[in-house]
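Quick note: numbers below take in every heavy atom, side chains included, and nothing from hydrogens, waters or symmetry partners. Chain letters run A, B, ... following the sequence lines, proteins first and then strands; every chain starts at 1. Fair warning: this is a prediction, and the values are worked out from it, not measured in the lab.
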Protein chains: 2
Amino acid sequence: MEQIAEKKKAILESTLDLIREKGFHGTPMSLVAKNAGVAAGTIYHYFDSKDKLICEVFTYIMDNMMEAVKQHDKEEMTYQARFFNVWRSQLRFYLENPKVLVFFEQFVNSPYNELIGHNRHDKLRQHLKLFLSNGVEAGYLRRVNPEVLSVLVLTNVITTAKMIRRGEINQESPEIEQIAEILWKGISL
Amino acid sequence: MEQIAEKKKAILESTLDLIREKGFHGTPMSLVAKNAGVAAGTIYHYFDSKDKLICEVFTYIMDNMMEAVKQHDKEEMTYQARFFNVWRSQLRFYLENPKVLVFFEQFVNSPYNELIGHNRHDKLRQHLKLFLSNGVEAGYLRRVNPEVLSVLVLTNVITTAKMIRRGEINQESPEIEQIAEILWKGISL
DNA sequence: TGCCACCGAATGAACGTTCGGTTGACGCGC
DNA sequence: GCGCGTCAACCGAACGTTCATTCGGTGGCA
(Lines give C-alpha, C1' and ligand atoms only; values in the text may rest on other atoms or scores of the structure.)
Protein backbone atom coordinates (compact mmCIF):
# COMPACT_ATOMS: atom_id res chain seq x y z
CA MET A 1 0.00 0.00 0.00
CA GLU A 2 1.36 3.39 -0.96
CA GLN A 3 1.92 6.17 1.54
CA ILE A 4 -1.13 8.31 2.02
CA ALA A 5 -0.50 12.05 2.03
CA GLU A 6 -1.03 13.56 5.46
CA LYS A 7 -3.86 15.87 4.45
CA LYS A 8 -5.53 13.13 2.51
CA LYS A 9 -5.48 10.91 5.55
CA ALA A 10 -6.83 13.73 7.70
CA ILE A 11 -9.70 14.14 5.28
CA LEU A 12 -10.48 10.41 5.35
CA GLU A 13 -10.44 10.31 9.15
CA SER A 14 -12.49 13.45 9.45
CA THR A 15 -15.10 12.06 7.08
CA LEU A 16 -15.25 8.82 9.01
CA ASP A 17 -15.72 10.70 12.27
CA LEU A 18 -18.44 12.99 11.03
CA ILE A 19 -20.41 10.32 9.26
CA ARG A 20 -20.45 8.23 12.36
CA GLU A 21 -21.94 11.14 14.28
CA LYS A 22 -24.23 12.64 11.73
CA GLY A 23 -24.79 10.21 8.90
CA PHE A 24 -24.14 10.82 5.24
CA HIS A 25 -26.32 13.82 4.72
CA GLY A 26 -25.55 15.37 8.07
CA THR A 27 -21.96 15.94 7.04
CA PRO A 28 -21.29 18.77 4.62
CA MET A 29 -17.99 18.96 2.86
CA SER A 30 -17.32 22.26 4.59
CA LEU A 31 -17.37 20.50 7.95
CA VAL A 32 -15.22 17.68 6.71
CA ALA A 33 -12.72 20.30 5.59
CA LYS A 34 -12.86 22.21 8.85
CA ASN A 35 -12.39 19.12 11.02
CA ALA A 36 -9.51 17.96 8.88
CA GLY A 37 -7.84 21.37 9.19
CA VAL A 38 -8.03 21.86 5.46
CA ALA A 39 -9.72 24.19 2.99
CA ALA A 40 -12.83 23.02 1.21
CA GLY A 41 -11.11 23.18 -2.13
CA THR A 42 -8.33 20.91 -0.96
CA ILE A 43 -10.68 17.99 -0.67
CA TYR A 44 -11.22 18.23 -4.38
CA HIS A 45 -7.52 18.08 -4.94
CA TYR A 46 -7.61 14.53 -3.61
CA PHE A 47 -11.14 13.34 -4.37
CA ASP A 48 -13.33 13.86 -7.40
CA SER A 49 -16.54 14.23 -5.46
CA LYS A 50 -18.24 13.54 -2.17
CA ASP A 51 -19.37 10.15 -3.43
CA LYS A 52 -15.86 9.14 -4.38
CA LEU A 53 -14.60 10.36 -1.04
CA ILE A 54 -17.06 8.20 0.82
CA CYS A 55 -16.20 5.18 -1.25
CA GLU A 56 -12.53 5.70 -0.56
CA VAL A 57 -13.20 5.92 3.15
CA PHE A 58 -14.75 2.50 2.88
CA THR A 59 -11.84 0.84 1.15
CA TYR A 60 -9.46 2.63 3.50
CA ILE A 61 -11.23 1.00 6.45
CA MET A 62 -11.41 -2.44 4.91
CA ASP A 63 -7.70 -2.44 4.22
CA ASN A 64 -7.01 -1.63 7.85
CA MET A 65 -9.31 -4.35 9.08
CA MET A 66 -7.95 -7.04 6.83
CA GLU A 67 -4.48 -6.18 8.08
CA ALA A 68 -5.55 -6.56 11.71
CA VAL A 69 -7.20 -9.94 11.24
CA LYS A 70 -4.33 -11.47 9.29
CA GLN A 71 -1.77 -10.17 11.74
CA HIS A 72 -3.26 -12.05 14.68
CA ASP A 73 -3.85 -15.38 12.97
CA LYS A 74 -1.44 -18.12 14.08
CA GLU A 75 -1.57 -21.13 11.81
CA GLU A 76 -0.01 -23.47 14.36
CA MET A 77 -2.99 -23.31 16.72
CA THR A 78 -5.79 -25.90 16.77
CA TYR A 79 -8.65 -25.21 14.42
CA GLN A 80 -11.07 -24.30 17.16
CA ALA A 81 -8.57 -21.97 18.81
CA ARG A 82 -7.93 -20.27 15.50
CA PHE A 83 -11.64 -19.85 15.00
CA PHE A 84 -12.08 -18.08 18.31
CA ASN A 85 -8.99 -16.07 17.59
CA VAL A 86 -10.26 -14.82 14.25
CA TRP A 87 -13.60 -14.02 15.83
CA ARG A 88 -11.90 -12.00 18.58
CA SER A 89 -9.59 -10.17 16.18
CA GLN A 90 -12.53 -8.83 14.31
CA LEU A 91 -14.36 -7.89 17.46
CA ARG A 92 -11.26 -6.15 18.79
CA PHE A 93 -10.93 -4.18 15.60
CA TYR A 94 -14.46 -2.90 15.87
CA LEU A 95 -14.02 -2.00 19.52
CA GLU A 96 -10.72 -0.24 18.94
CA ASN A 97 -12.11 1.60 15.95
CA PRO A 98 -15.58 2.55 17.02
CA LYS A 99 -15.95 4.97 14.17
CA VAL A 100 -15.83 2.07 11.80
CA LEU A 101 -18.89 0.20 12.98
CA VAL A 102 -21.50 2.81 12.21
CA PHE A 103 -19.88 3.95 9.04
CA PHE A 104 -19.46 0.43 7.77
CA GLU A 105 -23.02 -0.62 8.44
CA GLN A 106 -24.38 2.56 7.02
CA PHE A 107 -22.30 2.24 3.92
CA VAL A 108 -23.11 -1.38 3.21
CA ASN A 109 -26.81 -0.66 3.32
CA SER A 110 -26.66 2.42 1.16
CA PRO A 111 -26.65 2.93 -2.57
CA TYR A 112 -22.98 3.95 -2.36
CA ASN A 113 -22.23 0.29 -1.95
CA GLU A 114 -23.14 -0.26 -5.56
CA LEU A 115 -20.77 2.44 -6.76
CA ILE A 116 -17.93 0.13 -5.86
CA GLY A 117 -17.97 -3.25 -7.49
CA HIS A 118 -19.12 -5.14 -4.40
CA ASN A 119 -15.99 -7.21 -4.26
CA ARG A 120 -13.84 -5.04 -2.07
CA HIS A 121 -14.94 -6.16 1.37
CA ASP A 122 -14.93 -9.58 -0.12
CA LYS A 123 -11.18 -9.73 0.51
CA LEU A 124 -11.87 -10.21 4.18
CA ARG A 125 -14.77 -12.48 3.35
CA GLN A 126 -12.66 -14.45 0.93
CA HIS A 127 -10.07 -15.00 3.60
CA LEU A 128 -12.68 -16.16 6.06
CA LYS A 129 -14.38 -18.36 3.51
CA LEU A 130 -11.19 -20.21 2.80
CA PHE A 131 -10.57 -20.73 6.51
CA LEU A 132 -14.08 -22.07 7.06
CA SER A 133 -13.96 -24.18 3.96
CA ASN A 134 -10.85 -25.87 5.31
CA GLY A 135 -12.72 -26.46 8.55
CA VAL A 136 -15.49 -28.24 6.70
CA GLU A 137 -13.06 -30.41 4.74
CA ALA A 138 -11.13 -31.31 7.88
CA GLY A 139 -14.34 -32.41 9.57
CA TYR A 140 -14.43 -29.71 12.21
CA LEU A 141 -17.46 -27.94 10.85
CA ARG A 142 -20.88 -28.92 9.58
CA ARG A 143 -21.06 -29.42 5.87
CA VAL A 144 -22.62 -26.06 5.03
CA ASN A 145 -21.89 -23.74 2.13
CA PRO A 146 -18.78 -21.77 3.24
CA GLU A 147 -20.28 -18.67 1.67
CA VAL A 148 -23.10 -18.94 4.16
CA LEU A 149 -20.81 -19.77 7.05
CA SER A 150 -18.62 -16.77 6.42
CA VAL A 151 -21.56 -14.41 6.38
CA LEU A 152 -22.87 -15.89 9.61
CA VAL A 153 -19.53 -15.33 11.28
CA LEU A 154 -19.11 -11.78 9.99
CA THR A 155 -22.57 -10.66 11.05
CA ASN A 156 -22.26 -12.41 14.38
CA VAL A 157 -19.20 -10.35 15.21
CA ILE A 158 -20.80 -7.14 14.06
CA THR A 159 -23.88 -7.87 16.13
CA THR A 160 -21.74 -8.44 19.19
CA ALA A 161 -19.81 -5.23 18.64
CA LYS A 162 -23.04 -3.30 18.28
CA MET A 163 -24.43 -4.67 21.51
CA ILE A 164 -21.29 -3.67 23.33
CA ARG A 165 -21.34 -0.21 21.82
CA ARG A 166 -24.96 0.28 22.80
CA GLY A 167 -24.11 -0.79 26.32
CA GLU A 168 -26.39 -3.81 26.19
CA ILE A 169 -23.52 -5.98 27.29
CA ASN A 170 -20.31 -5.11 29.03
CA GLN A 171 -17.01 -5.32 27.25
CA GLU A 172 -15.56 -7.49 30.03
CA SER A 173 -18.62 -9.65 30.47
CA PRO A 174 -18.46 -13.42 29.95
CA GLU A 175 -21.51 -12.97 27.75
CA ILE A 176 -19.18 -12.12 24.92
CA GLU A 177 -17.48 -15.48 25.09
CA GLN A 178 -20.92 -17.05 25.29
CA ILE A 179 -21.86 -15.50 21.96
CA ALA A 180 -18.77 -16.86 20.28
CA GLU A 181 -19.53 -20.25 21.81
CA ILE A 182 -23.10 -20.17 20.56
CA LEU A 183 -21.79 -19.56 17.09
CA TRP A 184 -19.18 -22.29 17.37
CA LYS A 185 -21.67 -24.76 18.80
CA GLY A 186 -24.02 -23.97 15.93
CA ILE A 187 -21.59 -24.47 13.11
CA SER A 188 -19.23 -27.16 14.47
CA LEU A 189 -19.76 -30.89 14.36
CA MET B 1 -54.75 0.10 14.91
CA GLU B 2 -56.71 3.00 13.47
CA GLN B 3 -57.41 3.35 9.78
CA ILE B 4 -54.67 5.21 7.94
CA ALA B 5 -55.91 7.80 5.47
CA GLU B 6 -55.35 6.70 1.90
CA LYS B 7 -53.03 9.56 0.95
CA LYS B 8 -51.07 9.16 4.14
CA LYS B 9 -50.52 5.52 3.38
CA ALA B 10 -49.52 6.37 -0.18
CA ILE B 11 -46.94 8.78 1.18
CA LEU B 12 -45.55 6.18 3.56
CA GLU B 13 -45.30 3.57 0.83
CA SER B 14 -43.77 5.99 -1.62
CA THR B 15 -41.15 7.00 0.92
CA LEU B 16 -40.32 3.39 1.63
CA ASP B 17 -39.95 2.66 -2.06
CA LEU B 18 -37.76 5.61 -2.85
CA ILE B 19 -35.50 5.22 0.13
CA ARG B 20 -34.88 1.63 -0.75
CA GLU B 21 -33.78 2.69 -4.21
CA LYS B 22 -31.98 5.91 -3.52
CA GLY B 23 -31.21 6.16 0.18
CA PHE B 24 -32.19 8.92 2.53
CA HIS B 25 -30.62 11.83 0.75
CA GLY B 26 -31.41 10.57 -2.69
CA THR B 27 -35.11 11.05 -2.09
CA PRO B 28 -36.39 14.62 -2.08
CA MET B 29 -39.79 15.37 -0.71
CA SER B 30 -40.86 16.51 -4.15
CA LEU B 31 -40.28 13.00 -5.49
CA VAL B 32 -42.02 11.39 -2.57
CA ALA B 33 -44.98 13.61 -3.34
CA LYS B 34 -44.92 12.86 -7.03
CA ASN B 35 -44.73 9.09 -6.57
CA ALA B 36 -47.51 9.17 -4.03
CA GLY B 37 -49.70 11.16 -6.44
CA VAL B 38 -49.87 14.01 -4.00
CA ALA B 39 -48.81 17.64 -3.80
CA ALA B 40 -45.68 18.52 -1.88
CA GLY B 41 -47.66 20.54 0.62
CA THR B 42 -49.91 17.60 1.40
CA ILE B 43 -47.07 15.70 2.98
CA TYR B 44 -46.84 18.44 5.56
CA HIS B 45 -50.48 18.04 6.30
CA TYR B 46 -49.69 14.59 7.67
CA PHE B 47 -46.08 14.87 8.80
CA ASP B 48 -44.24 17.65 10.56
CA SER B 49 -41.02 17.19 8.65
CA LYS B 50 -39.00 14.80 6.58
CA ASP B 51 -37.41 13.40 9.72
CA LYS B 52 -40.74 12.69 11.30
CA LEU B 53 -41.95 11.11 8.10
CA ILE B 54 -39.03 8.75 8.01
CA CYS B 55 -39.50 7.82 11.64
CA GLU B 56 -43.15 7.10 10.99
CA VAL B 57 -42.26 4.88 8.07
CA PHE B 58 -40.17 2.89 10.50
CA THR B 59 -42.90 2.37 13.07
CA TYR B 60 -45.37 1.70 10.26
CA ILE B 61 -43.17 -1.16 9.09
CA MET B 62 -42.56 -2.51 12.54
CA ASP B 63 -46.25 -2.65 13.27
CA ASN B 64 -46.87 -4.61 10.09
CA MET B 65 -44.10 -7.02 10.91
CA MET B 66 -45.22 -7.54 14.47
CA GLU B 67 -48.68 -8.33 13.17
CA ALA B 68 -47.31 -10.94 10.78
CA VAL B 69 -45.24 -12.68 13.42
CA LYS B 70 -47.98 -12.81 16.00
CA GLN B 71 -50.50 -14.01 13.49
CA HIS B 72 -48.54 -17.14 12.68
CA ASP B 73 -47.59 -18.05 16.22
CA LYS B 74 -49.46 -21.08 17.57
CA GLU B 75 -49.05 -21.43 21.29
CA GLU B 76 -50.02 -25.09 21.32
CA MET B 77 -46.95 -26.17 19.36
CA THR B 78 -43.80 -27.50 21.02
CA TYR B 79 -41.27 -24.89 21.97
CA GLN B 80 -38.84 -25.88 19.27
CA ALA B 81 -41.54 -25.85 16.60
CA ARG B 82 -42.66 -22.42 17.73
CA PHE B 83 -39.10 -21.20 17.56
CA PHE B 84 -38.69 -22.28 13.95
CA ASN B 85 -42.09 -20.89 13.20
CA VAL B 86 -41.24 -17.47 14.55
CA TRP B 87 -37.97 -17.52 12.68
CA ARG B 88 -39.75 -18.37 9.44
CA SER B 89 -42.47 -15.77 9.92
CA GLN B 90 -39.90 -13.06 10.12
CA LEU B 91 -38.02 -14.35 7.12
CA ARG B 92 -41.23 -14.59 5.13
CA PHE B 93 -42.08 -11.03 6.02
CA TYR B 94 -38.75 -9.75 4.72
CA LEU B 95 -39.08 -11.76 1.53
CA GLU B 96 -42.63 -10.64 0.89
CA ASN B 97 -41.76 -7.03 1.64
CA PRO B 98 -38.41 -6.52 0.03
CA LYS B 99 -38.63 -2.78 0.39
CA VAL B 100 -38.45 -3.22 4.10
CA LEU B 101 -35.06 -4.85 4.34
CA VAL B 102 -32.98 -2.05 2.94
CA PHE B 103 -34.96 0.67 4.59
CA PHE B 104 -34.88 -1.04 7.93
CA GLU B 105 -31.15 -1.65 7.92
CA GLN B 106 -30.44 1.82 6.71
CA PHE B 107 -32.64 3.33 9.35
CA VAL B 108 -31.27 1.37 12.26
CA ASN B 109 -27.74 2.43 11.44
CA SER B 110 -28.58 6.08 10.97
CA PRO B 111 -28.92 8.97 13.37
CA TYR B 112 -32.67 8.90 12.79
CA ASN B 113 -32.71 5.87 15.00
CA GLU B 114 -32.00 8.06 17.98
CA LEU B 115 -34.92 10.32 17.22
CA ILE B 116 -37.17 7.48 18.28
CA GLY B 117 -36.68 6.09 21.76
CA HIS B 118 -33.98 3.42 21.60
CA ASN B 119 -35.35 0.69 19.41
CA ARG B 120 -34.31 -1.73 22.11
CA HIS B 121 -37.86 -1.25 23.26
CA ASP B 122 -39.60 -1.89 20.02
CA LYS B 123 -42.55 -4.18 20.28
CA LEU B 124 -41.20 -6.98 18.13
CA ARG B 125 -38.03 -7.28 20.12
CA GLN B 126 -39.95 -7.20 23.36
CA HIS B 127 -42.17 -10.00 22.14
CA LEU B 128 -39.23 -12.10 21.08
CA LYS B 129 -37.39 -11.47 24.31
CA LEU B 130 -40.31 -12.74 26.32
CA PHE B 131 -40.59 -15.84 24.16
CA LEU B 132 -36.89 -16.61 24.52
CA SER B 133 -36.90 -15.82 28.19
CA ASN B 134 -39.63 -18.43 28.66
CA GLY B 135 -37.49 -20.88 26.73
CA VAL B 136 -34.62 -20.34 29.11
CA GLU B 137 -36.82 -20.78 32.18
CA ALA B 138 -38.39 -23.93 30.76
CA GLY B 139 -34.96 -25.41 30.19
CA TYR B 140 -35.10 -25.47 26.41
CA LEU B 141 -32.44 -22.82 25.88
CA ARG B 142 -28.99 -22.09 27.26
CA ARG B 143 -28.99 -19.76 30.21
CA VAL B 144 -28.00 -16.63 28.29
CA ASN B 145 -29.25 -13.09 28.69
CA PRO B 146 -32.54 -12.99 26.71
CA GLU B 147 -31.61 -9.54 25.49
CA VAL B 148 -28.62 -11.10 23.79
CA LEU B 149 -30.58 -14.07 22.51
CA SER B 150 -33.22 -11.88 20.92
CA VAL B 151 -30.65 -9.81 19.09
CA LEU B 152 -28.94 -12.95 17.82
CA VAL B 153 -32.22 -14.25 16.46
CA LEU B 154 -33.22 -10.96 14.84
CA THR B 155 -29.91 -10.44 13.10
CA ASN B 156 -29.74 -14.06 12.04
CA VAL B 157 -33.01 -13.71 10.17
CA ILE B 158 -31.98 -10.43 8.59
CA THR B 159 -28.70 -11.94 7.48
CA THR B 160 -30.53 -14.82 5.86
CA ALA B 161 -32.95 -12.50 4.09
CA LYS B 162 -30.07 -10.43 2.77
CA MET B 163 -28.28 -13.45 1.41
CA ILE B 164 -31.42 -14.52 -0.40
CA ARG B 165 -31.96 -11.05 -1.79
CA ARG B 166 -28.40 -10.87 -3.02
CA GLY B 167 -28.85 -14.23 -4.69
CA GLU B 168 -26.18 -15.89 -2.59
CA ILE B 169 -28.63 -18.59 -1.66
CA ASN B 170 -31.80 -19.73 -3.31
CA GLN B 171 -35.15 -19.10 -1.71
CA GLU B 172 -36.07 -22.79 -2.02
CA SER B 173 -32.70 -24.12 -0.97
CA PRO B 174 -32.38 -26.37 2.10
CA GLU B 175 -29.55 -24.06 3.13
CA ILE B 176 -32.17 -21.81 4.64
CA GLU B 177 -33.35 -24.48 7.03
CA GLN B 178 -29.71 -25.19 7.82
CA ILE B 179 -29.22 -21.63 8.97
CA ALA B 180 -32.17 -21.83 11.32
CA GLU B 181 -30.83 -25.12 12.62
CA ILE B 182 -27.40 -23.64 13.21
CA LEU B 183 -28.99 -20.94 15.28
CA TRP B 184 -31.16 -23.41 17.19
CA LYS B 185 -28.23 -25.74 17.80
CA GLY B 186 -26.23 -22.82 19.11
CA ILE B 187 -28.74 -21.49 21.57
CA SER B 188 -30.58 -24.64 22.69
CA LEU B 189 -29.53 -27.02 25.43
C1' DT C 1 9.77 30.05 -14.67
C1' DG C 2 6.80 26.40 -13.95
C1' DC C 3 4.57 23.35 -11.11
C1' DC C 4 2.17 21.54 -7.21
C1' DA C 5 -0.30 21.65 -2.96
C1' DC C 6 -3.42 24.38 -1.06
C1' DC C 7 -6.70 28.14 0.02
C1' DG C 8 -11.55 30.06 0.70
C1' DA C 9 -14.94 33.25 -1.18
C1' DA C 10 -18.31 32.87 -4.74
C1' DT C 11 -21.71 30.26 -7.38
C1' DG C 12 -25.58 27.92 -8.62
C1' DA C 13 -28.51 24.16 -8.03
C1' DA C 14 -31.20 21.32 -5.05
C1' DC C 15 -34.25 20.75 -1.59
C1' DG C 16 -37.17 21.18 2.72
C1' DT C 17 -40.70 23.87 4.04
C1' DT C 18 -44.25 27.61 3.84
C1' DC C 19 -48.36 29.80 2.64
C1' DG C 20 -52.19 31.74 0.19
C1' DG C 21 -55.72 29.66 -2.11
C1' DT C 22 -59.28 26.03 -3.89
C1' DT C 23 -62.45 22.39 -3.18
C1' DG C 24 -65.99 19.79 -1.19
C1' DA C 25 -68.28 17.79 2.75
C1' DC C 26 -71.03 18.74 6.68
C1' DG C 27 -73.89 21.05 10.08
C1' DC C 28 -77.29 24.50 11.13
C1' DG C 29 -80.98 27.84 11.03
C1' DC C 30 -84.81 28.93 8.41
C1' DG D 1 -84.62 22.26 0.40
C1' DC D 2 -81.61 26.18 0.53
C1' DG D 3 -78.17 29.46 1.75
C1' DC D 4 -74.35 30.05 4.56
C1' DG D 5 -70.34 29.40 7.39
C1' DT D 6 -66.73 26.37 8.70
C1' DC D 7 -63.22 23.40 8.43
C1' DA D 8 -60.26 19.74 6.93
C1' DA D 9 -57.96 18.00 2.99
C1' DC D 10 -55.30 19.23 -0.54
C1' DC D 11 -52.69 21.93 -4.02
C1' DG D 12 -48.24 23.81 -6.04
C1' DA D 13 -45.61 28.01 -6.88
C1' DA D 14 -42.34 30.50 -4.33
C1' DC D 15 -38.91 31.18 -0.65
C1' DG D 16 -34.76 30.86 1.79
C1' DT D 17 -31.22 28.01 3.07
C1' DT D 18 -27.83 24.72 2.68
C1' DC D 19 -24.26 22.61 0.40
C1' DA D 20 -21.28 20.44 -3.28
C1' DT D 21 -18.36 22.20 -6.34
C1' DT D 22 -15.57 25.76 -8.88
C1' DC D 23 -12.02 28.86 -9.75
C1' DG D 24 -8.83 32.57 -9.46
C1' DG D 25 -5.17 33.14 -6.62
C1' DT D 26 -0.92 32.41 -3.22
C1' DG D 27 3.30 30.59 -1.55
C1' DG D 28 7.10 27.60 -1.86
C1' DC D 29 10.12 24.48 -4.12
C1' DA D 30 12.78 22.63 -8.15
Give the intermediate values and the outcome of side-chain hydrogen bond (donor to acceptor under 3.5 Å, both in side chains) for residues B:R88 and B:H72. CA-CA 9 Å; B:R88 275 191 224 99; B:H72 286 91; over 6 Å; no
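The shortest distance between side-chain heavy atoms of A:K8 and A:H45 does not fall below 4.5 Å. A:V32 is not listed as a side-chain neighbour of A:K50, based on a closest heavy-atom distance of 4.5 Å or more.
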Please encode protein proximity along nucleotides 24-30 of chain D as a string of B, S and -, counting only heavy-atom distances under 4.0 Å. -------
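Taking the six-membered ring where the residue is Trp, the centroids of A:F58 and A:Y112 are separated by 6.0 Å or more.
We find that B:K123 and B:E67 are not joined by a salt bridge, their nearest charged nitrogen and carboxylate oxygen being 4.0 Å or further apart. Ion pairing between A:E168 and B:R125 holds under the 4.0 Å rule for side-chain N and carboxylate O.
Interatomic distance, A:F131 CZ to A:Y79 OH, rounded to the nearest 0.5 Å: 4.0 Å.
Between the A:N85 side chain and the A:A81 main chain, no donor and acceptor come within less than 3.5 Å of each other.
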Using a cut-off of under 3.5 Å, enumerate the N/O to N/O pairs linking the protein to nucleotides 6-9 of chain D.
{"residue": "D:dA9", "atom": "OP2", "partner": "B:H45", "partner atom": "NE2", "Å": "2.7"}
{"residue": "D:dA9", "atom": "O5'", "partner": "B:H45", "partner atom": "NE2", "Å": "3.2"}

Nucleotides 18-22 of chain D: which of its N/O atoms have a protein N/O under 3.5 Å away?
{"residue": "D:dA20", "atom": "OP1", "partner": "A:K50", "partner atom": "NZ", "Å": "2.6"}
{"residue": "D:dA20", "atom": "OP2", "partner": "A:M29", "partner atom": "N", "Å": "2.3"}
{"residue": "D:dT21", "atom": "OP2", "partner": "A:Y44", "partner atom": "OH", "Å": "2.6"}
{"residue": "D:dT21", "atom": "OP2", "partner": "A:K50", "partner atom": "N", "Å": "2.8"}
{"residue": "D:dT21", "atom": "O5'", "partner": "A:Y44", "partner atom": "OH", "Å": "3.4"}

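Across every non-hydrogen atom of B:R20 and B:K99, the tightest pair is CD-CA, 3.7 Å.
Residue B:K34 contributes atom NZ, which lies 15 Å from atom C1' of C:dC15 at whole-angstrom precision. The distance from atom CD1 of B:I43 to atom P of C:dG16 is 9 Å, rounded to the nearest whole Å.
The aromatic rings of B:W184 and B:F83 lie tilted to each other, with the angle between the two planes from 30° to 60°.
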